[in-house]
There are 2 protein chains.
Amino acid sequence: MELQGFERHDHASCIRDGVDAAAEHCRREGLQLTPVRRRVLEILLERHRALGAYDILDTLRDEGLGSQPPVAYRALDFLVKNGFAHRIERLNAFVACNHPGENHSPAFLICRKCDRVAEGQADPASDMLGRSAAAIGFRIERAVVEAEGLCPACQENDRK
Amino acid sequence: MELQGFERHDHASCIRDGVDAAAEHCRREGLQLTPVRRRVLEILLERHRALGAYDILDTLRDEGLGSQPPVAYRALDFLVKNGFAHRIERLNAFVACNHPGENHSPAFLICRKCDRVAEGQADPASDMLGRSAAAIGFRIERAVVEAEGLCPACQENDRK
DNA sequence: CAGCGAACTGTTATGTTATTACACCGGAGC
DNA sequence: GCTCCGGTGTAATAACATAACAGTTCGCTG
């Protein structure tokens with residue numbers, strides 16, 4: 001598994017790449033990456049952390065792109081449904097996907113101190129729960145895996 | 001892993017056992033299993049499914065045990081903190097624990113059709129995410145593992 | 001026994017997250 | 001042109017959760 005989220009990185013390019021990947025995917029699939037949807041994705045990529053729907057809505061409102069909750073929720077639903085973003089249940093928040101386009105079952109490491117989120121891979125079929133589910137005949141369609149703890153940087157700060 | 005939740009079982013005894021286990025644990029630990037707390041645990045065990053805080057509150061209100069949200073939330077906090085119940089993030093709901101007393105890291109199978117929940121074990125340190133977290137120095141303190149899908153009974157009904 | 005603090009409960013008010021419902025708009029296809 | 005459809009704008013409200021503070025009980029300690 002390749003983990004991302006706590007390392008330094010070329011942020012400008014990661015925003016561009018994220019939007020480009022989504023645009024390309026929409027083009028191929030005949031989906032509409034409308035201004036609101038594109039902007040919400042950009043906001044998620046820019047801030048590079050888990051954002052609540054109302055945080056996003058505040059930004060949209062400032063920019064005149066919509067001021068009521070459904071505007072944000074609809075755009076987020078679209079992004080989540082198409083794999084460009086994920087919902088973090090633990091935080092009631094959303095993050096841009098780190099592997100857009102790839103078909104994946106995401107897992108998250110959430111720092112309880114700085115709220116930053118790293119995304120990795122969890123294969124639901126191969127772990128203990130997946131095997132047990134198969135054994136009793138439960139059909140898993142989707143898995144939420146969210147680990148909460150301290151990221152390396154916040155462990156550092158704790159020691160100071 | 002021993003999975004529970006979708007099989008038939010002796011329900012009366014599972015309520016009794018759950019309350020007894022909690023009472024015993026509280027006795028040993030010097031915790032107070034007050035009437036409200038005990039009743040909330042019973043409600044969770046009786047209904048044997050994930051219940052929202054307001055569902056529980058409705059029942060408490062009918063019984064004259066408290067009518068405001070904090071009453072329910074405080075009892076639930078107590079039960080969750082002490083391992084007698086778990087919060088299901090995906091559903092904003094709560095279930096009684098199937099293995100009270102045992103120190104465990106729960107994982108859930110949630111049926112999207114009937115909303116029933118089975119509880120199993122997931123060892124966060126041993127799976128793919130745990131190993132990756134260790135590799136980058138992230139310290140996992142708690143893990144939310146919630147798989148959503150169709151339970152055996154609802155798969156049956158689908159075919160009809 | 002009075003005074004005190006800790007734990008719990010009761011209640012009001014409010015904050016936060018999410019959805020329903022319906023009007024409107026613009027483009028694709030007939 | 002007309003209609004269908006997907007998307008957007010908006011108002012209203014539902015669902016989930018917490019803050020803040022008053023009142024009670026009970027055990028401890030002086």
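Order of the sequence lines sets the chain letters (A, B, ...), proteins ahead of strands, with each chain counted from 1. Since the model is a prediction, treat every value here as computed from it, not as a measurement.
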B:Arg27 CZ to B:Asp20 CG distance, which is reported to the nearest 0.5 Å: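 Interatomic distance, B:Arg27 CZ to B:Asp20 CG, rounded to 0.5 Å: 12.0 Å.
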Length of the [atom1]-[atom2] vector between [X] and [N], whole Å:
X	N	atom1	atom2	result
A:Ile88	C:dT17	CD1	C1'	16 Å
A:Glu29	D:dG6	CD	P	16 Å
B:Lys81	C:dA7	NZ	P	10 Å
B:Leu60	C:dG10	CG	P	10 Å
B:Arg90	C:dT17	CZ	C1'	15 Å
B:Gln32	D:dC26	CD	P	10 Å
B:Leu57	C:dT12	CG	P	13 Å
B:Leu76	C:dT9	CG	C1'	15 Å

Verdict with supporting geometry, A:Ile88 and A:Val95, side-chain contact (heavy atoms from CB on, under 4.5 Å): CA-CA 7 Å; A:Ile88 309 291; A:Val95 279; 3.9 Å; yes
Run A:Arg39 and A:Glu46 through salt bridge (Lys or Arg N to Asp or Glu O under 4.0 Å) and show every step you take. CA-CA 10 Å; A:Arg39 186 63 193 122; A:Glu46 281 167 10; 3.1 Å; yes
With sugar-phosphate meaning primed atoms plus P, OP1 and OP2, does B:Leu65 contact a base, only sugar-phosphate, or nothing at under 4.0 Å between heavy atoms? sugar-phosphate
Does the side chain of B:Ser67 get closer than 4.0 angstrom to OP1 or OP2 of C:dG10 through an N or O atom?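 Negative; the distance criterion is not met.
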Quick tally for nucleotides 14-22 of chain D: nucleotides whose base has a protein heavy atom under 4.0 Å get B, sugar-phosphate-only ones S, the rest -, giving --BBBBB--
Do you know which of A:Asp58, A:Ile15, A:Asp55, A:Thr59 makes side chain to side chain contact (heavy atoms under 4.5 Å, CB included) with A:Ile43? A:Thr59
Over 12 non-hydrogen atoms of neighbours within 6.0 angstrom of CZ in A:Arg142: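 Buried by this count: over 12 neighbours within 6.0 Å.
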Derivation and outcome, side-chain contact (heavy atoms from CB on, under 4.5 Å), residues B:Leu33 and B:Phe78: CA-CA 9 Å; B:Leu33 190 62; B:Phe78 172 87; 4.2 Å; yes
